[in-house]
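Note that this is a predicted model, so its numbers are computed, not measured.
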Amino acid sequence: MAQADRWKKSSYSGGGDGNTCVEIADLHTHIAVRDSKAPARATLTFPTSAFAPFLRALKSDHVHLGR
């Protein structure tokens, strides 16, 4: 998977040590996403062209996350 220096924390990280966020890594042809609280666990990987539509869908009112 991505090298440690490629991971960047979200600008929306929580207070304190910023453990309430996701991290992303640009792997050129793919974007990897992981939970900053459990970086060794599963990582989501998207083709680069699919990442922007994924973010737009998350931000839209049409996505319901069970809340």
Side-chain angles (χ1 to χ4, degrees):
M1 186 53 7
Q3 297 170 344
D5 62 338
R6 289 192 181 215
W7 290 102
K8 307 292 182 205
K9 283 194 177 186
S10 166
S11 60
Y12 290 95
S13 297
D17 56 3
N19 286 333
T20 56
C21 69
V22 296
E23 297 174 324
I24 66 166
D26 183 351
L27 307 176
H28 303 294
T29 61
H30 288 77
I31 301 293
V33 181
R34 70 182 183 186
D35 182 345
S36 65
K37 295 180 298 298
R41 290 194 173 184
T43 300
L44 297 174
T45 305
F46 299 89
T48 303
S49 61
F51 192 65
F54 169 71
L55 291 179
R56 281 193 298 275
L58 288 177
K59 293 176 183 179
S60 78
D61 292 335
H62 303 290
V63 175
H64 300 285
L65 301 176
R67 292 184 185 186

Requested in this report: Check the pair L27, R6 against side-chain contact (heavy atoms from CB on, under 4.5 Å), reporting the backbone distance first and the verdict last.
Outcome: CA-CA 8 Å; L27 307 176; R6 289 192 181 215; 4.2 Å; yes
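In this structure, T48 contributes its side chain and H28 its backbone to a donor-acceptor pair below 3.5 Å. Checked by atom type and distance alone, the side chain of T43 never pairs as donor or acceptor with a backbone atom of A32 at under 3.5 Å.
Note that OG1 of T45 and CD1 of I31 are 10.0 Å apart. Values are rounded to the nearest 0.5 Å. D35 CG to L44 CG: the interatomic distance, rounded to the nearest 0.5 Å, is 10.0 Å. Between the NZ atom in K9 and the CD1 atom in I24 there is a gap of 13.5 Å [rounded to 0.5 Å].
Taking each heavy atom of E23 and W7 in turn, the nearest pair found is O-CZ3, 3.6 Å. For the pair C21 and S36, the tightest heavy-atom approach, listed with the atom from each and the gap, is O-OG, 2.9 Å.
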